[in-house]
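Dropping a structure here in structure tokens format, bear with me for questions.
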Amino acid sequence: MPKPDTLLAHAGRAPEAYSGMVNTPVFRTSTVIHPTIESYEAPRDLAKKPVSYGRHGTPTTFAFEEAVAQLEGAHQAVATPNGLSAIVVALLAVLKPGQHLLVTDSAYSPARGFCDRRLVPLGIEVEYYDPLIGAGIADLLRDNTGAVFCESPGSLTFEMQDIPAIAAAAHARGIPVLADNTWVTPYLASPFELGIDISIHAGTKYIGGHSDLMIGVVSTNERYWKPVRQTVYDYAYSVSPDDCYQALRGLRTLGVRLRQHERNALQVARWLQAQPEVSRVLYPALESDPGHALWKRDYRGASGLFSVVLKPVDDAALTRFVNGLQLFGIGSSWGGFESLVTVVHAASYRTATRWQPEGPAVRLHIGLEDPADLIADLRQALDLLHAGKAASHG
Ligand SMILES: *Cc1c(COP(=O)(O)O)cnc(C)c1O
């Protein structure tokens with residue numbers, strides 16, 4: 001099997017099929033014309049991805065899906081319109097009314113919203129678990145548990161989960177393990193070797209890489225491929241071939257971008273740890289992080305997203321700090337070329353565990369800027385914590 005960097009350059013390409021073109025072209029279509037009515041009416045196996053109708057995917061869609069599947073060592077993958085729909089599809093594919101679902105308390109909060117507002121009324125019992133539970137998940141598994149939904153490291157709070165231990169306990173009872181792998185991307189992990197059955201990505205983040213694309217992708221082992229593909233069909237999701245092209249284009253440079261994001265993020269995170277205003281940096285790539293050993297065991301690298309817990313300051317000071325940053329945009333999403341900041345409000349939605357850090361926390365996405373400039377910007381903004389006067393955001 002070629003190494004991940006080689007797959008990034010070669011997967012999802014078939015120049016011989018497209019007049020020698022390096023990239024798989026954008027195929028825009030609704031209708032697919034058949035030579036005869038017999039051909040049109042012939043039974044088709046959706047799971048094998050026939051080119052049959054625009055909503056079911058085009059060669060551009062399949063090229064992107066094939067590249068992600070190869071990178072992750074999956075049986076197959078399917079694109080969805082965004083990352084949240086990838087989560088929705090994966091959960092709906094495996095769950096039935098009357099079942100019990102275990103979800104990490106550190107999950108991306110819109111995923112919790114889907115579970116609480118949509119799965120519960122369908123008769124699915126949703127239980128949140130401590131992300132640090134590891135093999136202890138065995139005590140929460142029931143005869144009617146339909147799935148375990150993980151995210152490691154967790155959104156906003158970055159706890160690493162012992163996925164192999166969770167998967168061993170779940171598989172002993174025939175229960176599938178789903179994971180939102182957006183942070184680690186298809187490049188930095190081999191999810192099926194860790195025991196994950198269904199791997200989910202917001203391709204909106206690092207796969208797109210330029211903050212100009214919404215896409216999701218779900219990859220599965222052989223067992224869960226048909227249910228996931230059928231669910232995408234039944235819920236009528238389709239993805240524009242232009243977006244699939246952009247996602248595949250993003251994949252080509254994922255490796256070099258991630259190496260730079262990780263290098264920059266480590267430099268900024270180490271610097272932050274040494275600042276008197278900072279209490280802790282929540283980033284598994286740091287040796288001091290409680291999840292470092294699991295991160296090192298299970299992943300090949302880190303992306304550029306982490307949180308920082310400050311020493312206690314009042315809300316006005318925190319606002320001065322965030323508004324005072326000039327190079328960090330204030331906004332949702334991450335994984336693009338540029339640095340971003342948001343304030344972490346994780347305590348408000350947790351139910352299984354308490355998240356009560358010693359001070360306020362901010363989440364930083366470290367982009368591809370020169371880290372020395374990012375550090376200088378953070379230093380001048382940290383100075384504003386003590387300044388007692390408002391500054392305006394740049
Ligand atoms: C952003 C994000 C999603 C959702 O992706 P969208 O493309 O915005 O729908 C899902 N999971 C995680 C961890 C995310 O950060």
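Remember, it's 1-based here, ligands and their atoms both numbered in the order they're listed.
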Margin query: Which residues pass the side-chain hydrogen bond (donor to acceptor under 3.5 Å, both in side chains) test with Thr104, not counting sequence neighbours?
Written below: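 Counting only residues at least two positions away or on another chain, Thr104 forms a side-chain hydrogen bond (donor to acceptor under 3.5 Å, both in side chains) with Ser106, Gln161.
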Notebook entry, point to check: Do Val51 and Thr58 come close enough that some side-chain heavy atom pair is under 4.5 Å?
Noted result: no
Next item on the list: Check whether NZ of the Lys or CZ of the Arg Lys49 lies under 6.0 Å from the centre of the six-membered ring of Phe64 and within 45 degrees of that ring's axis.
Entry: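 Negative - Lys49 is either too far from the ring of Phe64 or too far off its axis.
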Item checked: Set of salt bridge (Lys or Arg N to Asp or Glu O under 4.0 Å) partners for Asp234, sequence neighbours left out -> none
For ligand 1, output the ligand-protein N/O contacts shorter than 3.5 angstrom; if there are none, return none.
unit_1, atom_1, unit_2, atom_2, d
ligand 1, 7 (O), Gly83, N, 2.8
ligand 1, 7 (O), Thr204, OG1, 2.5
ligand 1, 9 (O), Gly83, N, 3.1
ligand 1, 9 (O), Leu84, N, 2.9
ligand 1, 11 (N), Asp180, OD2, 2.6
ligand 1, 15 (O), Lys205, NZ, 2.6
ligand 1, 15 (O), Trp334, NE1, 3.2

Margin query: Under a 3.5 Å cutoff, is there a donor and acceptor pairing between the side chains of Glu72 and His201?
Written below: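 Result is yes, a qualifying pair exists.
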Checklist line | Qualifying ring-ring contact (aromatic ring centres under 6.0 Å, His included) pairs with a residue from residues 246-289, counting only residues at least two apart or across chains | finding: Tyr206-His261, His261-His365, Tyr283-Phe306
